[in-house]
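Counting starts at 1 for both ligands and their atoms, in listed order. The chain is numbered in sequence order, starting from 1.
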Amino acid sequence: MQYTLGFDLSTQQLKCVAVDENLQPAGEASVDFDADLPGYKTTKGVYISGETVCSPVAQWLEAFDLVLERLAATGLDLGLVTAISGSCQQHGAVFWGEDGSTLLASLDANQGNLVDQLAPTAFSRTTAPNWQDHSTGAQCQAMEAAVGGPQGMAQVTGSRAHLRFTGPQILKVIETEPAAYEATHAITLVSNFATSLLCGKLVPLEEADACGMNLYDIERREFSRPLLQLLEDQRTAPTGPSLLSKLLGEPVRVQGPGETPVCAGNVARYFTDRYGLSPSCRVYPFTGDNLATLCSLPLHGGDAMVSMGTSTTVLLCTREYCPSPSYHLFRHPVLPDHYMAMVCYCNGSLAREQIRDELNATKSIAPGDWEEFSAAVADDSLDTSDELAVYFPLGEIVPSIQATTARVRFDRATGQLTDHVASFPDRRHDAKAIVESQALSCRVRIAPLLTPQPGAFTTTVTASSGTTVSFDGEVRPLGDLLDRRPSRCFFVGGASRNTAIVRRFAAVLGPTAGAFRSENPNACAVGGCYKALWSWLRSSDPQGPDFAQFLDSSMPAGAVASVAGREDAAWDHYNHYIVALSNLERELCA
Ligand SMILES: Nc1ncnc2c1ncn2[C@@H]1O[C@H](COP(=O)(O)OP(=O)(O)O)[C@@H](O)[C@H]1O
Ligand SMILES: O=C(CO)[C@@H](O)[C@H](O)COP(=O)(O)O
């Protein structure tokens with residue numbers, strides 16, 4: 001028997017899953033940052049100070065030792081692991097000091113844990129910015145202004161400038177912590193931080209995850225020289241290496257047909273000595289969590305994936321480079337000439353948890369229990385048909401807006417907002433409304449990525465030909481949102497365990513071939529495993545199947561379960577909310 005490991009270093013936890021050569025689960029372990037490493041005093045894995053959100057790097061180092069200890073304790077023979085890869089929260093950056101590379105190379109299982117050997121002097125900053133950070137508005141504006149505004153930035157880097165993206169975050173460090181920046185010898189994303197740790201050497205960025213920086217020119221496949229220069233120009237007294245050198249040069253690319261997948265190296269001696277991993281075990285570049293999630297199921301054209309972790313993301317696979325300020329495009333981590341399109345929301349699970357606890361409080365139910373919330377979400381007799389509300393306890397990504405909550409009533413015939421209200425009749429309405437508006441926002445933003453099928457779907461909305469809607473500054477005919485639907489929708493991540501949430505989301509998104517839930521809630525870690533296994537197989541047979549063929553032929557039966565079929569009436573019910581959502585967002589963003 002041989003195994004492959006997939007790690008997932010996300011906001012709230014580090015997980016590690018193992019699969020055997022038949023892609024069957026063989027073991028898993030996890031470390032919850034708040035609960036298992038209370039010494040760091042994080043809340044949901046992060047420190048929040050005003051708009052700044054970050055995570056302690058030392059916490060991740062401790063978590064790597066702990067998760068491997070826990071995995072070994074399950075009885076899994078780590079000596080039989082042939083390949084490792086994984087996924088990490090996107091955009092975060094680890095700043096390594098001058099000694100980082102030497103300390104990594106000299107990790108010694110007899111000299112204490114990773115945290116003892118690295119935390120004291122390997123890093124020039126003790127924390128990494130987290131994707132929920134909202135503190136880089138000025139840097140985003142400066143960067144967009146240099147490349148032709150939101151559209152220009154999206155054209156070059158696949159996304160308009162985003163507060164959480166690594167380029168604006170690095171620019172903020174250059175401007176506000178010049179000494180720490182000049183003491184920095186390497187900057188890794190969280191993904192190549194993890195790969196570097198396991199290999200015991202600093203390794204370059206992985207190309208797909210590098211697309212989440214607002215620095216990488218996706219079509220040219222190299223860092224954008226004008227954007228690098230813009231950041232260089234803000235250094236007041238440069239002493240250390242150039243930014244390109246700190247970024248460890250150009251990222252490693254996905255390899256084409258007939259080429260051997262890039263291996264980052266063999267696992268470092270620290271891990272072979274301490275956990276019994278084999279010295280021949282290969283480590284393949286980790287990627288971003290959403291990119292790995294895309295690798296966890298065989299998606300075909302028109303399919304969409306909704307990942308319900310701390311953030312909510314909607315993912316699609318496309319061959320066309322069609323950038324827009326509404327969504328993100330990344331290079332695909334394993335399929336050459338493909339891209340991943342993504343819409344990302346900050347206010348996913350944590351916003352729902354807040355409404356859940358407020359609802360529970362009105363009924364004297366303990367916080368943390370999903371039953372009452374789920375019953376309200378599933379309740380078709382609860383009439384929310386003229387109610388719309390957005391709940392953004394954190395500033396939101398799309399629409400790009402400060403933290404806010406707004407509840408309105410609207411006219412279903414015209415979509416005009418009739419009333420702003422402080423509350424709905426009771427908190428059950430909020431439970432249903434938050435899921436409806438989250439799903440509706442996803443729906444309007446993925447529509448341009450789907451193929452139009454004029455006349456294929458009947459709707460009771462009477463849109464005059466001139467009716468338009470506007471999302472993220474892009475004005476579109478309403479009709480464009482009524483003639484396209486995803487084929488299948490796959491739901492993954494922690495909240496996908498909740499059938500009521502998944503069914504309501506599916507009702508709004510309207511998949512024509514049904515909605516499915518991944519039976520394994522750890523989709524990103526599993527995607528990392530599959531990436532490692534396929535890379536390992538492909539190394540010995542470069543002419544073997546590409547990743548899509550590999551997944552199509554190897555996916556175990558029962559990997560997904562059906563949760564809903566095609567629901568035309570429900571989809572059409574939510575057509576009536578689209579103009580109202582456009583009006584509400586326009587008001588809030590004005
Ligand atoms: N039964 C449930 N109903 C709704 N949400 C749930 C349920 N179980 C877990 N979740 C949500 O899943 C989130 C964690 O998802 P997960 O994919 O593990 O997150 P991440 O990978 O971002 O750390 C939690 O914040 C929680 O709100
Ligand atoms: O910022 C993004 C994507 O752009 C987030 O999706 C992060 O990648 C973190 O995700 P979680 O796994 O913690 O939800």
Side-chain angles (χ1 to χ4, degrees), residues 7-15 17 28 30-34 42-46 53 55 63 86-92 128-134 158-159 162-166 169 189-191 208-209 211-214 287-294 296 306-315 327-330 340-357 367-375 377-378 394 396-398 431 434-435 438 491-502 504-505 517-518 520-528:
F7 287 84
D8 171 30
L9 174 46
S10 71
T11 311
Q12 304 189 54
Q13 57 210 319
L14 174 66
K15 297 176 196 157
V17 305
E28 68 175 74
S30 67
V31 173
D32 179 288
F33 298 139
D34 294 1
T42 54
T43 305
K44 310 258 180 201
V46 296
V53 186
S55 300
S87 72
C88 296
Q89 56 182 280
Q90 298 194 252
H91 321 298
N130 175 266
W131 61 276
Q132 295 166 96
D133 185 279
H134 268 72
S159 301
H162 284 278
L163 302 172
R164 68 192 191 288
F165 272 44
T166 328
Q169 292 290 341
L189 288 174
V190 186
S191 52
D209 204 23
C211 298
M213 302 176 83
N214 280 146
T287 186
D289 53 2
N290 293 293
L291 295 146
T293 299
L294 196 68
S296 69
V306 183
S307 169
M308 298 178 147
T310 308
S311 57
T312 294
T313 57
V314 193
L315 315 171
Y327 51 78
H328 310 286
L329 286 175
F330 299 78
M340 179 184 83
M342 174 174 87
V343 188
C344 178
Y345 300 90
C346 251
N347 294 291
S349 287
L350 302 184
R352 287 191 296 271
E353 285 176 18
Q354 198 167 311
I355 301 287
R356 172 200 66 190
D357 292 340
D369 189 321
W370 286 102
E371 205 169 311
E372 189 67 25
F373 179 95
S374 309
V377 172
L394 288 170
E396 191 45 278
I397 298 165
V398 276
I434 188 172
V435 178
Q438 287 180 338
F491 291 84
V492 299
S496 70
R497 274 175 255 166
N498 187 314
T499 304
I501 294 178
V502 168
R504 185 61 63 192
F505 245 81
R517 169 177 36 224
S518 169
N520 190 328
N522 304 321
C524 356
V526 167

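- Closest to atom 18 (O) of ligand 1, if we only count protein heavy atoms, is Gln13 NE2, 2.9 Å.
- Looking at Lys44 and Glu353, a side-chain N of the basic residue comes within less than 4.0 Å of a carboxylate O on the acidic one, giving a salt bridge.
- Of the polar atoms of Gln89, none of the N or O atoms is found under 3.5 Å from an N or O of ligand 2, judged by distance alone.
- The protein non-hydrogen atom at the shortest distance from atom 5 (C) of ligand 2 is Ser311 OG, 3.4 Å.
- Considering backbone and side-chain N/O of Thr313, none are found under 3.5 Å from N/O of ligand 2.
- Atoms of ligand 2 lying under 4.0 Å from at least one heavy atom of Gln90, given by number and element, are 3 (C), 7 (C), 8 (O).
- Listed by number with element, the atoms of ligand 1 under 4.0 Å from a non-hydrogen atom of Gly493 are 17 (O).
- Of all the heavy atoms in Ala495 and Arg352, the pair that sits closest is CB-NH2, 3.3 Å.
- The nearest heavy-atom contact from the protein to atom 23 (O) of ligand 1 is Ser10 OG, 2.8 Å.
- For ligand 2, the atoms closer than 4.0 angstrom to any heavy atom of Ser10 are 12 (O).
- Protein heavy atom at the shortest distance from atom 3 (N) of ligand 1 is Asn498 ND2, 3.1 Å.
- To the nearest 0.5 angstrom, Asn290 atom CG is 6.5 Å from Cys344 atom SG.
- If you check which protein heavy atom lies closest to atom 13 (O) of ligand 2, you get Thr11 OG1, 2.4 Å.
- By the 30° and 60° cut-offs, the orientation of the rings of His162 relative to Phe165 is tilted.
- The protein heavy-atom contact nearest to atom 8 (N) of ligand 1 is Gly494 O, 3.6 Å.
- Only the side chain of Ile501 comes within contact range of ligand 1, with a heavy atom under 4.0 Å; no backbone atom does.
- Nearest protein neighbour of atom 5 (N) of ligand 1, counting heavy atoms only, is Trp370 CZ2, 3.2 Å.
- Ser349 OG to Ile501 CD1: the interatomic distance, rounded to the nearest 0.5 Å, is 7.5 Å.
- Using modelled atom types and a 3.5 Å distance limit, the side chains of Asp34 and Thr42 yield a donor-acceptor pair.
- Considering OG1 of Thr166 and CG of Asp209, their distance stands at 7.5 Å, rounded to 0.5 Å.
- Using a 3.5 Å distance cut-off with no hydrogens or angles, the side chains of Ser374 and Arg356 do not pair a donor with an acceptor.
- Side-chain N/O atoms of Asp32 and Gln13 include no donor and acceptor closer than 3.5 Å.
- Among protein heavy atoms, the minimum distance from atom 12 (O) of ligand 2 is reached at Asp289 OD2, 2.7 Å.
- Here the closest heavy-atom approach between residue Lys15 and residue Ser30 is recorded as CG-CB, 3.8 Å.
- Looking at Glu353 against ligand 1, only its side chain comes within 4.0 Å, counting heavy atoms.
- The contact set between ligand 2 and Thr310, taken as ligand atoms under 4.0 Å from a residue heavy atom, comprises 13 (O), 14 (O).
- Rounding to the nearest 0.5 Å places CE of Met340 at 9.0 Å from SG of Cys211.
- Partners of Ala208 under the side-chain contact (heavy atoms from CB on, under 4.5 Å) rule, at least two apart in sequence or in another chain, are Glu206, Thr287, Leu291, Pro333.
- Counting heavy atoms under 4.0 Å from ligand 1, residue Lys15 touches it through the side chain alone.
- In summary, the atoms of ligand 2 found under 4.0 Å from a heavy atom of Cys344, numbered by their order in the structure, are 1 (O), 2 (C), 3 (C), 4 (O).
- Taking every non-hydrogen atom of Met342 and a distance limit under 4.0 Å, the qualifying atoms of ligand 2 come out as 3 (C), 4 (O).
- Between the side chains of Thr312 and Gln438, not a single donor N or O lies within less than 3.5 Å of an accepting N or O.
- For ligand 1, the atoms sitting less than 4.0 Å from at least one non-hydrogen atom of Thr310 are 19 (O), 20 (P), 22 (O), 23 (O), numbered in the order shown with element in parentheses.
- Ala495 CA, 3.6 Å is the protein heavy atom nearest to atom 6 (C) of ligand 1.
- Residue-level proximity to ligand 2 for Arg164 is carried by the side chain, the only part with a heavy atom below 4.0 angstrom.
- Ligand 1 places these atoms under 4.0 Å from at least one heavy atom of Gly309: 15 (O), 16 (P), 17 (O), 19 (O), 22 (O).
- Atom CD1 of Ile397 is separated from atom OH of Tyr345 by 9.5 Å, given to the nearest 0.5 angstrom.
- The nearest protein atom to atom 4 (O) of ligand 2, hydrogens excluded, is given as His91 NE2, 2.5 Å; this is a heavy-atom distance.
- Near Gln12, with a cut-off below 4.0 Å to any heavy atom, the atoms of ligand 1 are 23 (O), 25 (O).
- Rounding to the nearest 0.5 angstrom, the gap separating the NE2 atom in His91 from the CH2 atom in Trp131 is 9.0 Å.
- Residue, atom and distance of the protein heavy atom nearest to atom 9 (C) of ligand 2 are Trp131 NE1, 3.2 Å.
- Summary of contacts: the protein heavy atom closest to atom 13 (C) of ligand 1 is Ser349 OG, 3.6 Å.
- Counting heavy atoms from C-beta outward, Thr310 and Leu350 have side chains that approach closer than 4.5 Å.
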